[in-house]
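Just passing along the structure, written as structure tokens.
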Amino acid sequence: MSSVAAHSFPPPLPATAPGARPKPASRRAATASSEPVQDVRERILDTASSLFYQRGVRAVGVDLVVAEAAVAKTSLYRYFPTKDDLIVAFLEREDVDFWGLWDAVAAEHANDPAGELEAHMQWIGERLARSNYRGCPQINVAAEFAEQDHPARRVAQQHMVTLRSRLHGLAQRLDAPRPEELAAQLAVLINGAFVSSGLLSGDEATPVLQAAVRALLAGAQAGRS
């Protein structure tokens, strides 16, 4: 379900140059303390987001985030008291990115719901074709946590609820005879695409998604008769 672009994830941070000496912790802390608060927080979140997306949230510990972000552990805990808080922030930022892109596409097709669906399949297909695409961060994180009440899982679930609601609104604008059913079918198509990117080559993801949407819309309209 967090680039993002629904899921425009930050690129991997460059490795330390061969032979370079890492900054001592005291120097890292001094550097962090001289930075504006927002810059330090964003650097930590940028680093954690990249690591979480590349490796999975359970595989990434706080010590690794601290080392890669070159900050003191106290700085991380100042902005993110627990690792769960950091995971939630990662997902919430991906959520903002995803819906920002969705809204921009929707605004371009305010009077054309079928065209809007086609356009959504366009950018989703382009996202799936990225060489570093590892799926929807919301779905990935939900799969890592079995606990239904885990705060990160709640963020991921809300993302899915919002997606279903947006699609239901589109189905109503399309005057589908059973908008709830069409919304469910579209949600399954989109979420299925996010977890099946490895099955599609880069140049076929978008046309496959768009063809599937057309087939669902045709089926929905046929059900009217």
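Keep in mind that what you see is a predicted model, and the values were worked out from it rather than measured.
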Counterpart residues, ring pair (Phe, Tyr, Trp, His ring centres under 6.0 Å), relative to Phe80 (two or more places apart):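 Ring pair (Phe, Tyr, Trp, His ring centres under 6.0 Å) list for Phe80, sorted by chain: empty.
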Heavy-atom side-chain contact between Gln158 and Val161 under 4.5 Å: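 Yes, side chains in contact.
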Distance check, rounded to the nearest 0.5 Å: Lys73 atom NZ versus Asp63 atom CG?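 One gets 3.5 Å once the value is rounded to the nearest 0.5 Å.
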Joint cluster assignment, Val96 & Val105, ILVMFWY side-chain distance < 4.5 Å: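 Shared cluster, no.
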Considering all heavy atoms of both residues, which atom of Leu170 and which atom of Leu117 are nearest to each other, and what is their separation?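 Looks like CD1-CD2, 3.8 Å.
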How long is the span from the OH atom in Tyr79 to the OG1 atom in Thr74, to the nearest 0.5 Å?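 OG1 of Thr74 is found 9.5 Å from OH of Tyr79.
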Would you compute the distance between atom CG of Asn191 and atom OG of Ser196 and round it to the nearest 0.5 angstrom?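 That separation rounds to 10.0 Å.
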Do the side chain of Arg58 and the main chain of Phe145 share a donor and acceptor less than 3.5 angstrom apart?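 Between the backbone of Phe145 and the side chain of Arg58 there is no qualifying donor-acceptor contact (under 3.5 Å).
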Got Phe52 and Leu91 here, is their nearest side-chain heavy-atom distance under 4.5 Å?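 No, too far: nothing below the 4.5 Å cut-off.
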Looking only at non-hydrogen atoms, find the nearest pair between Arg134 and Gly56 and report the distance.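 Result for this residue pair: NH1-N, 4.4 Å.
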Candidate pair Arg55 and Leu64, rule side chain to side chain contact (heavy atoms under 4.5 Å, CB included), full reasoning: CA-CA 12 Å; Arg55 306 186 188 186; Leu64 179 59; 3.2 Å; yes
So, for Arg43 and Val71, which heavy atoms are closest and what is the spacing to 0.1 Å?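 Distance-wise, the nearest heavy atoms are NH1-CG1, 3.6 Å.
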Taking Asp103 for its side chain and Gly100 for its backbone only, find out whether a donor-acceptor pair lies under 3.5 Å.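 Such a contact is absent between Asp103 side chain and Gly100 backbone.
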Salt-bridged, Glu180 to Arg164, with N to O below 4.0 Å?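 Yes, this pair counts.
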State whether the side chain of Arg178 and the backbone N or O of Ala220 hold a donor-acceptor pair below 3.5 Å, judged by distance alone.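 Checked: no pair found.
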Arg93 to Glu42 - nearest heavy-atom pair and separation: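 For Arg93 versus Glu42, the nearest heavy atoms are NH1-OE1, 3.2 Å.
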Do you see a donor-acceptor pair shorter than 3.5 Å between the side chains of Thr206 and Gln210?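 No, no side-chain donor-acceptor pair sits under 3.5 Å.
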Can you measure from CD1 (Ile190) to CG (Leu167) and round to the nearest 0.5 angstrom?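 Rounded to the nearest 0.5 Å, the CD1-CG separation comes to 4.5 Å.
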With rounding to the nearest 0.5 Å, note down the distance linking CG in Leu128 to CD1 in Ile124.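 It is 8.0 Å, given to the nearest 0.5 Å.
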Would you find a donor on one side and an acceptor on the other, under 3.5 Å apart, between the side chain of Glu144 and the backbone of Val57?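 It does hold such a pair.
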Is it true that Val208 and Val195 fall in one hydrophobic cluster, defined by side-chain heavy atoms closer than 4.5 Å?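 Yes, because Val208 and Val195 connect within a single hydrophobic cluster, where side-chain heavy atoms sit under 4.5 Å apart.
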Intermediate values then yes/no, side-chain hydrogen bond (donor to acceptor under 3.5 Å, both in side chains), Gln122 and Glu118: CA-CA 6 Å; Gln122 177 73 39; Glu118 289 258 343; over 6 Å; no
Mind checking the CG-CZ spacing from Leu209 to Arg214? Nearest 0.5 Å is all I need.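 It is 10.5 Å, given to the nearest 0.5 Å.
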Indicate yes or no for a side-chain donor-acceptor contact from Tyr53 to the backbone of Gly135 under 3.5 Å, with no hydrogens or angles considered.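 Confirmed, Tyr53 side chain pairs with Gly135 backbone.
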May I ask you to say whether Glu116 pairs ionically with Arg166, meaning some side-chain N is under 4.0 Å from a carboxylate O?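 Arg166 and Glu116: not salt-bridged.
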Working note: Asp46 + Ser49, criterion side-chain hydrogen bond (donor to acceptor under 3.5 Å, both in side chains); need CA distance, chi angles, decisive distance, verdict. CA-CA 5 Å; Asp46 284 348; Ser49 297; 5.7 Å; no
Could you report the tightest heavy-atom contact between Gln172 and Pro179, atom names first, then the distance?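 Closest approach of Gln172 to Pro179: CG-CB, 3.9 Å.
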Close side-chain approach of Leu86 to Tyr77, heavy-atom, < 4.5 Å: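 Counting from C-beta outward, Leu86 and Tyr77 never come under 4.5 Å.
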Is the closest side-chain heavy-atom distance between Val141 and Arg153 below 4.5 Å?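 Result no, sub-4.5 Å side-chain heavy-atom pair not found.
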I need the minimum non-hydrogen distance between Val88 and Ala152, along with the two atoms involved.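 Shortest heavy-atom separation between Val88 and Ala152 comes out as CG2-N, 3.9 Å.
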Geometric class of the Trp123/Trp102 ring pair [parallel <30°, tilted 30-60°, perpendicular >60°]: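 Aromatic pair Trp102/Trp123 classed perpendicular.
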